[in-house]
Protein chains: 4
Amino acid sequence: MAQEAAGEGRRGARRGDILKAARARFGREGGHAKATMADIARDIGVAEGTVYLYFASKRELVLAVIVDWFGEITERTAREAVAIKTPPDRLRFLVLRHFDVILDNPELYLMFLREVRATAGYRRSPGRALNRRYTDLLKETLAAGEAAGLSPATMRDLVYGGVEHICLSAIHRGEAATLDRAGLAASIAQAYARAFGLGDVQPLGDRLRRIEEHLGLDDTPG
Amino acid sequence: MAQEAAGEGRRGARRGDILKAARARFGREGGHAKATMADIARDIGVAEGTVYLYFASKRELVLAVIVDWFGEITERTAREAVAIKTPPDRLRFLVLRHFDVILDNPELYLMFLREVRATAGYRRSPGRALNRRYTDLLKETLAAGEAAGLSPATMRDLVYGGVEHICLSAIHRGEAATLDRAGLAASIAQAYARAFGLGDVQPLGDRLRRIEEHLGLDDTPG
Amino acid sequence: MAQEAAGEGRRGARRGDILKAARARFGREGGHAKATMADIARDIGVAEGTVYLYFASKRELVLAVIVDWFGEITERTAREAVAIKTPPDRLRFLVLRHFDVILDNPELYLMFLREVRATAGYRRSPGRALNRRYTDLLKETLAAGEAAGLSPATMRDLVYGGVEHICLSAIHRGEAATLDRAGLAASIAQAYARAFGLGDVQPLGDRLRRIEEHLGLDDTPG
Amino acid sequence: MAQEAAGEGRRGARRGDILKAARARFGREGGHAKATMADIARDIGVAEGTVYLYFASKRELVLAVIVDWFGEITERTAREAVAIKTPPDRLRFLVLRHFDVILDNPELYLMFLREVRATAGYRRSPGRALNRRYTDLLKETLAAGEAAGLSPATMRDLVYGGVEHICLSAIHRGEAATLDRAGLAASIAQAYARAFGLGDVQPLGDRLRRIEEHLGLDDTPG
DNA sequence: TATGAATGAGAATTCATTCAT
DNA sequence: AATGAATGAATTCTCATTCAT
């Protein structure tokens with residue numbers, strides 16, 4: 001039972017210590033490139049060789065940290081998402097969550113982008129499954145939409161890509177801290193809902209037209 | 001005047017040779033990380049030290065290559081974009097162009113993402129102005145639309161981020177070559193047009209104002 | 001008695017398991033340098049520390065494997081050699097056997113060359129006695145010869161060195177498998193028999209001279 | 001002209017310094033395994049990186065040292081050998097020379113055996129040609145003799161293998177210094193001359209043919 | 001007897017940058 | 001303007017051996 005928790009037991013505990021120390025180091029400015037195996041070993045008071053008893057190489061440790069981190073996020077996100085019933089609300093929730101994921105751990109996210117996603121063997125990596133579970137939450141939500149010519153996967157890429165880009169831009173401008181995550185998430189979710197014909201969101205133009213007609217205003221004044 | 005042309009004069013010619021060789025090296029698999037200053041010097045038959053007479057450091061050379069590359073793209077895109085009158089068509093054109101930019105030179109684009117945009121001093125860098133001119137083409141196009149709560153800059157980020165994400169995903173899956181760029185660009189442009197209310201004959205804001213005036217509502221409520 | 005058999009008793013059995021696993025590992029491409037103590041322990045399902053209860057160090061295990069291996073070979077060779085009565089036949093037999101020893105276990109033989117024979121303490125090592133018994137079989141055979149100025153030990157070194165060199169050359173050329181061991185052994189044994197005046201082998205030149213004289217042919221025609 | 005000497009010129013001089021320092025280090029007890037690149041660099045007062053400007057890796061340096069050493073030996077041996085006319089004398093000379101080569105630089109010789117000859121790519125390596133030139137001196141000498149069923153290459157292997165074995169045995173016994181090289185060389189050369197029918201005024205084959213013709217025997221019996 | 005987690009020293013290699021000529 | 005030889009810091013990974021349990 002304790003074994004099952006994958007964090008108990010002498011071996012599991014030590015492995016957990018290493019992962020924790022590594023995540024902290026990798027999360028610092030400069031990311032995993034600046035962190036050395038010696039640093040991590042020293043942080044938890046073991047010999048360098050000891051780290052290699054648990055992770056065969058630095059790259060493996062990097063990947064393990066990401067899997068570990070993404071696992072937590074996915075777990076939590078999936079748990080919370082089920083409580084949100086309507087697609088538009090769920091979309092807003094997932095967009096906001098992605099803002100949090102990136103802005104709270106930019107270095108880890110960049111590490112994921114560069115080291116995991118950009119890897120040839122990624123499709124079969126253990127990280128792949130986790131990431132898939134995470135992004136599938138959005139894909140399923142978007143599948144409720146009815147966008148002409150766009151597959152759910154493409155819609156998902158558009159959403160995550162857009163959020164990612166906004167976050168990285170903000171980080172680069174040094175405005176990450178002051179970003180109105182919730183507000184942006186709401187606006188963006190609404191925009192995408194319109195884009196993908198999600199929920200009962202009706203194109204703004206159509207709604208305006210109805211009002212204009214009702215009021216007897218010309219279609220194209222002056 | 002000859003200097004202005006940036007390609008005239010003995011000095012300009014040599015500088016151009018270096019830029020060309022560097023762009024070729026940086027564009028290869030592995031990008032600029034795998035390319036050494038010695039490689040570049042050897043390619044054009046000069047000594048290593050000579051490169052430093054034109055570029056103070058490798059980083060500076062990297063930035064110069066990007067500015068050079070982006071300059072060409074921006075020039076061409078701006079020239080071609082003016083011929084396209086309606087915002088929806090222009091949006092589709094710019095989306096397709098971004099697909100081409102990334103998929104034709106993935107290594108250079110990644111270099112731009114990591115090395116240029118991710119730089120503290122980016123805002124004042126010469127590359128910044130060029131990139132701004134490039135992305136402003138889209139920003140202006142999108143400004144014609146009006147989505148509640150989204151600034152033109154944010155809309156632009158959403159569009160470019162989405163395209164970027166789709167391209168990188170395709171590259172990672174090894175499906176970059178078979179991507180239906182034109183088809184995807186059309187669908188995506190349409191989706192964003194819906195998202196941002198683009199393509200309506202008249203900007204939503206103007207129409208709303210007319211309605212508000214007609215109803216005798218205040219200009220700035222609450 | 002049980003101890004003497006070196007294979008009886010709980011302790012003897014485990015020791016034997018380790019030796020067997022080590023010999024297999026050491027015999028692989030790369031030899032003992034590539035084999036780790038952990039490999040060997042894992043092969044027989046014991047902990048690394050356990051191996052050290054039977055062999056004080058890796059070096060000791062290496063030596064024990066060689067003694068073990070050479071013991072078998074010597075035993076068998078001595079047993080079979082007694083049946084061969086004439087020195088020339090015995091020489092051929094021992095040459096062929098040496099081809100077999102080296103070509104069937106090149107890695108073990110190289111290990112013997114480098115690790116055992118090249119050791120300062122070799123003369124007193126347990127392996128020394130065995131190897132001596134093995135090579136003495138040849139030395140005694142050659143002692144029957146009457147070579148001017150060559151001690152039996154030197155003659156033995158010449159023979160074994162020659163065979164060794166031919167085998168290693170063949171291995172390096174990748175021709176070890178196609179070597180005509182028996183044929184080569186016969187020719188080589190005959191050459192050495194002539195060299196050392198062994199048995200009734202008379203120098204070819206002398207025999208020819210007798211024939212030439214008998215036929216009345218000139219010594220140096222044309 | 002100075003360039004031709006392959007040791008002149010600034011670059012050649014530095015390369016020569018490194019080779020010299022490396023040969024000295026590799027020749028010490030423990031051989032090249034114990035010598036570090038840092039040792040060699042320090043010996044001649046340059047930075048570690050400098051060594052890598054002349055030799056791409058430690059292995060390449062090892063091979064270069066061997067080629068350099070063997071080149072000298074071959075040059076000298078070939079030069080001196082031409083003055084010795086009769087095969088038996090030449091055989092004795094080459095045997096003695098091999099004693100000198102091994103006993104004067106046992107560590108370098110072992111390095112050659114392990115690192116060069118035992119290498120898959122050896123046949124095409126630059127060292128191969130040199131070694132071939134060296135051993136061919138003996139092969140040609142032995143070709144004058146005729147031993148039933150033994151190719152000149154095999155005869156050469158027997159000779160060099162025998163000498164090698166005697167030397168290594170002497171080294172291992174700590175008797176290398178007191179070895180009577182000249183005396184042994186004479187006896188051994190004589191033994192091999194007998195073995196291979198060398199030293200007879202006329203090749204055995206020719207004499208046999210004459211006898212066969214005299215007796216009216218067929219050219220190709222059986 | 002057996003375990004197996006922990007140790008820790010040790011060495012090759014890269015490459016942007018400099019500066020004397 | 002051009003050369004190109006020299007620099008040297010910086011980090012990963014291996015594995016025989018030990019010893020507390």
Side-chain angles (χ1 to χ4, degrees), chain A residues 9-11 13-15 32-42 44-61, chain B residues 10-11 14-15 32-42 44-62, chain C residues 10-11 14-15 32-42 44-62, chain D residues 9-11 13-15 18 32-42 44-62:
Chain A
R10 209 153 301 176
R11 186 172 176 84
R14 174 64 42 103
R15 195 187 133 94
H32 69 286
K34 289 273 183 186
T36 72
M37 295 298 264
D39 288 335
I40 295 163
R42 206 178 316 109
I44 54 175
V46 300
E48 284 191 57
T50 301
V51 178
Y52 285 87
L53 292 179
Y54 296 87
F55 303 94
S57 66
K58 188 180 184 183
R59 171 155 195 81
E60 200 149 293
L61 178 55
Chain B
R10 209 153 301 174
R11 185 172 176 84
R14 166 103 350 142
R15 194 187 134 92
H32 70 286
K34 289 267 185 186
T36 70
M37 295 298 267
D39 286 334
I40 295 164
R42 205 180 315 110
I44 54 174
V46 300
E48 293 175 56
T50 302
V51 177
Y52 284 85
L53 295 176
Y54 297 86
F55 301 93
S57 67
K58 188 181 186 182
R59 171 154 198 81
E60 199 148 295
L61 177 56
V62 165
Chain C
R10 208 152 301 175
R11 186 173 174 84
R14 166 112 338 150
R15 194 187 133 92
H32 70 286
K34 288 268 184 182
T36 70
M37 295 297 266
D39 287 334
I40 295 163
R42 205 180 315 110
I44 54 174
V46 300
E48 293 176 56
T50 302
V51 178
Y52 284 85
L53 295 177
Y54 296 86
F55 301 93
S57 67
K58 188 182 186 182
R59 169 151 200 83
E60 198 148 296
L61 177 56
V62 165
Chain D
R10 209 152 301 176
R11 186 174 175 82
R14 174 62 43 102
R15 197 187 130 94
I18 297 172
H32 69 285
K34 288 273 182 185
T36 70
M37 295 297 265
D39 287 335
I40 294 163
R42 207 178 315 108
I44 54 175
V46 299
E48 287 185 53
T50 302
V51 178
Y52 284 87
L53 292 179
Y54 296 87
F55 302 94
S57 66
K58 189 182 184 183
R59 171 157 195 82
E60 201 149 293
L61 178 56
V62 165

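Labels below follow one simple rule: chain letters A, B, ... track the order of the sequence lines, proteins then strands, and each chain is numbered from 1. Because the structure is predicted, anything quoted here is derived from the model rather than measured.
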Give the minimum heavy-atom separation between [X] and [Y], together with the two atoms involved.
X	Y	result
D:Glu60	D:Phe55	O-CD2, 4.3 Å
B:Ile40	B:Leu61	CD1-CD2, 4.0 Å
D:Asp39	D:Lys34	OD2-O, 4.1 Å
A:Val46	A:Arg14	CG1-NH1, 3.3 Å
A:Ala41	A:Ala47	CB-O, 3.9 Å

Starting at [atom1] of [X] and ending at [atom2] of [N], how long is that distance when rounded to a whole Å?
X	N	atom1	atom2	value
D:Arg42	F:dA6	CZ	C1'	18 Å
B:Arg15	F:dA2	CZ	C1'	18 Å
B:Phe55	E:dT18	CZ	C1'	19 Å
A:Ile40	F:dC13	CD1	P	11 Å

E:dA6 OP1/OP2 closer than 4.0 Å to side-chain N/O of A:Arg14: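 It does, given that an N or O in the side chain of A:Arg14 lies less than 4.0 Å from OP1 or OP2 of E:dA6.
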
N or O in side chain of D:Tyr54 less than 4.0 angstrom from F:dA5 OP1/OP2: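 For F:dA5, OP1/OP2 do not have a side-chain N/O of D:Tyr54 under 4.0 Å.
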
Results of side-chain hydrogen bond (donor to acceptor under 3.5 Å, both in side chains) for D:Ser57 - residues two or more places apart only: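 So D:Ser57 forms no side-chain hydrogen bond (donor to acceptor under 3.5 Å, both in side chains) with any residue.
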
Distance in Å, B:Glu48 CD paired with B:Arg42 CZ, rounded so as to fall on 0.5 Å steps: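 Atom-to-atom, B:Glu48:CD and B:Arg42:CZ are 8.0 Å apart.
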
Distance, nearest 0.5 Å, that separates OG1 of C:Thr50 from CE of C:Met37: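 So the OG1 of C:Thr50 and the CE of C:Met37 are separated by 11.0 Å.
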
Using atom names, set out every protein N or O paired with an N or O of nucleotides 13-17 of chain E below 3.5 Å, distance rounded to 0.1 Å.
| residue | atom | partner | partner atom | Å |
| --- | --- | --- | --- | --- |
| E:dT13 | OP2 | D:Tyr52 | OH | 3.1 |
| E:dT13 | OP2 | D:Lys58 | N | 3.1 |
| E:dT13 | O4 | D:Glu48 | OE1 | 3.1 |
| E:dA16 | OP1 | B:Lys58 | NZ | 3.1 |
| E:dA16 | OP2 | B:Met37 | N | 3.0 |
| E:dT17 | OP2 | B:Tyr52 | OH | 3.2 |
| E:dT17 | OP2 | B:Lys58 | N | 2.8 |
| E:dT17 | O4 | B:Glu48 | OE1 | 3.1 |

Angle of first-five versus last-five pair axes in the helix from E:dA2-F:dT21 to E:dT21-F:dA2, to 10 degrees: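 Comparing the first five pairs with the last five, the axes sit 10° apart.
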
